[in-house]
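Presented below is the structure to which this report refers.
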Amino acid sequence: MPGIVIVGAQWGDEGKGKVVDLLAENADLVIRFQGGNNAGHTIVRDGVEWKFHLIPSGILYPGKLCAIGNGVVIDPKVLTDELDGLRARSVDLSGLRVSANAHLIMPYHLLLDHAGEARLGKLQIGTTRRGIGPCYADKASRLGIRVQDMLDEKILKKKIAAALEPKRLSLRPFAKSPELDLQSMTEEYVTYGHRLEQYIADTSRITWDTLDRDGTVLFEGAQATMLDIDHGTYPFVTSSNPVAASACIGSGAGPRDIDEIWGLTKAYTTRVGAGPFPTELDGAFGDGLREAGHEYGTTTGRPRRVGWIDLVALRYAARINTLTHLAITKLDVLTGLGTLRVCTSYRGADGASFANFPYHQSVLHQSVGAYEELSGWDEDITQVRTEEDLPAATRDYLAFVADFVGVPIGLIGVGPGRDQIVWTGAGRDSLAGRAVAQV
Ligand code: IMP
C-alpha cells in the first residue's frame, strides 16, 4: 500500500500523462491496466519533448519499475519501435516489465478495424484504427494471442491459424496481403518475442509484492470514463474499461489494494471521434477554444471536438469511479474567455430536464446542456503556484465544480509545463500529494 489510481473522468485527453509523470517520481511501480496504443501523451522534461503510446512515461526515471499490465493490448511493432526510440535517446529501460498475459494486436486486427469503420460508413465510431476493438473481441472470444505465445513458435502458429479461421470472410478482400501470410506472421511475432523476452514478466506478482512491502503503486488508466465499454456512451466508446474498477482486473490487484482514486478533467470538455456530446461548442467560439487549448489528438492528429465543462457527466464519473480527488487541467485555457458556462443539467428534445446522466442512448443523443453562468477572469494564471494566488473568479469556478460534483479538487493545471501545477490543501493532504511532497 498505497495504491493510487489515475483515470480520465471525461472523454479522454485530460492530461493524465502529465499527472502520472508527476506522481511517478516517488512511486515504486507504475502499471498501465487497459487500452493500447490508441492512447498517447506527450511529456516535456527540461524542455525536451517525449511521446508515449504504450510504455508508462515513468520509464524516464532511471530504473523505475514500469509495467504494462495484463489488461493492456499490445502491438509489438509499436512497443519495439517505442523501445528503440527510447534506447536511441539513452533511456534506461531496466525497469520495464510486460505482462505475459497481455493480448497482442495482430496485423489482422488493424485490417479489421479499418474495414469495420469503412463498413459502418456514416455510423462509424471514429476509432483510432489501431486494431483495439478487434483485439479485445478476440480476447473475449478466447481467440486472442498473448505475449507469452510469442515465446513458442509452434503454439503461436497454431493460435494464429485458429484466430484467422473465423475471419476468413471479413478478411477476403485482403486475402493476398502479405501481412496475412501465416508463416511470415508467425516468424515476425517470434522475432518480437525474442526482442521483448527480457521484459516479459508476471506483472500481477510484481504489483502484489510492491503493495505488500508498503510500496506505492500508481495505476495508470488510458482513455476515460465516458469511453468505457460498459458505462460510457456505447457504441461510441473504446473496447476496454477505463473506469477505476478496471485497475484491479487489468493489473491483478484486488479492490482493497486501492486507496485513492484521482479523476482527471479539463476545465472544459473535449472528445475525439463520433458520439453524443451535450455541451459541444460549434462555430468561432469553439474554434477559438480548440486553438487556445491546442486540441489536436496526440495519436491521430485529429482536431478534437470542444465544449463547456459537463458537470452532469462529471458527477456520473465521480460516482462510477468512486473518485476521492479531482485534478483539473488546463484551467489557464479559460483565461480571457469572458463569462463561463458550466453544464448543470441536460435538456431533452421535448424540453424535459435531466439532472442525472441518462442511461438511454436516444435521450442522450438528443440532449443539450443547460447552463449556469459564472464570471470569467482575464489575469494570467500560468505563473500561479498557490490556491490563494488564483484570482477570485477562478477560485469560485473551481469551488462550483467541486461542490456540484461532490469531490475535492486536489490538483490544478495552469499550463503545459511540469511545474505549472497548483496543489490544493486537499491535494497536499492526500497520499498522492504526500508522496510528491516527500521529494
Ligand atoms: P478505439 O479505442 O481506437 O477503438 O476508438 C474508440 C473511440 O475511443 C473513438 O471515439 C476514439 O476517438 C476514442 N479514443 C480512443 N483512445 C482515445 C484516447 O486516448 N483519447 C481520446 N479518445 C480516444
Side-chain angles (χ1 to χ4, degrees), residues 7-8 12 16 30-41 52-56 66-83 96-117 125 127-151 156 159-160 162-164 167 179 185 188-189 192-193 195-196 199-204 207 219-224 227-230 232 235 237-243 245-252 273 298-300:
V7 291
K16 293 179 288 292
V30 184
I31 182 162
R32 261 197 69 177
F33 56 85
Q34 46 69 231
N37 61 308
N38 45 351
H41 53 257
F52 292 92
H53 292 288
L54 274 167
I55 301 175
C66 286
I68 300 180
N70 56 277
V72 176
V73 287
I74 298 173
D75 184 329
K77 175 164 183 2
V78 173
L79 179 56
T80 47
D81 283 353
E82 206 160 291
L83 285 172
L96 180 67
R97 302 288 183 275
V98 178
S99 169
N101 290 348
H103 282 248
L104 293 173
I105 295 180
M106 306 296 291
Y108 43 87
H109 292 140
L110 295 164
L111 296 173
L112 290 168
D113 200 356
H114 275 92
E117 286 285 87
I125 292 154
T127 73
T128 58
R129 291 174 163 72
R130 300 295 193 267
I132 306 295
C135 183
Y136 276 115
D138 268 356
K139 175 177 177 176
S141 305
R142 291 153 294 181
L143 287 171
I145 316 291
R146 297 190 296 170
V147 165
Q148 55 184 285
D149 298 326
M150 289 192 294
L151 302 180
L156 180 66
K159 289 197 173 182
I160 298 177
L164 277 172
K167 301 182 183 70
E179 285 169 85
M185 199 186 314
E188 187 188 352
Y189 275 64
Y192 291 137
R195 297 191 55 199
L196 293 173
Y199 305 111
I200 299 176
D202 180 349
T203 51
S204 296
T207 305
F219 297 90
E220 176 180 346
Q223 292 83 46
L227 291 172
D228 187 278
I229 191 162
D230 284 88
V237 293
T238 191
S239 295
S240 64
N241 291 106
V243 295
S246 170
C248 294
I249 295 170
S251 69
T298 315
T299 299
T300 58

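Just so it is clear, the model here is predicted, and its values are computed rather than measured. Heavy atoms only: backbone and side chains are in, while hydrogens, waters and symmetry mates are out.
The backbone N or O of Asp202 lies less than 3.5 Å from no partner atom in the side chain of Asn70, so there is not a single donor-acceptor pair. At distances below 3.5 Å, at least one donor-acceptor pair connects side-chain atoms of Glu117 with backbone N or O atoms of Ile125.
Side chains of His103 and Asp138: no donor on one and acceptor on the other come within 3.5 Å.
Here Leu110 contributes atom CG and Arg129 contributes atom CZ; the two are 11.5 Å apart, rounded to the nearest 0.5 Å. Distance check: Leu143 CG to Ile160 CD1 gives 12.5 Å after rounding to the nearest 0.5 Å. In this structure, OG on Ser240 lies 8.0 Å from CD1 on Ile229, to the nearest 0.5 angstrom. To the nearest 0.5 Å, atoms NE2 (His114) and CG (Leu111) are separated by 8.5 Å.
Counting heavy atoms from C-beta on, the side chains of Asn37 and Glu82 never come closer than 4.5 Å. At a threshold of 4.5 Å between non-hydrogen side-chain atoms, the residues Ile105 and Ile132 count as touching. Taking the side chain as every heavy atom from C-beta outward, Met150 and Leu196 approach each other to under 4.5 Å.
The two residues Leu227 and Gln223 make their nearest non-hydrogen contact at CD1-CB, 4.1 Å. Pairing each heavy atom of Asp149 with each of Gly144, the nearest pair is OD2-O, 4.3 Å. Minimum interatomic distance between Leu156 and Tyr189 (heavy atoms only, all atoms of both residues): CD2-CB, 3.7 Å.
Considering only residues two or more places apart in sequence or on other chains, Asp228 meets the side chain to side chain donor-acceptor pair (under 3.5 Å) condition with Asn241.
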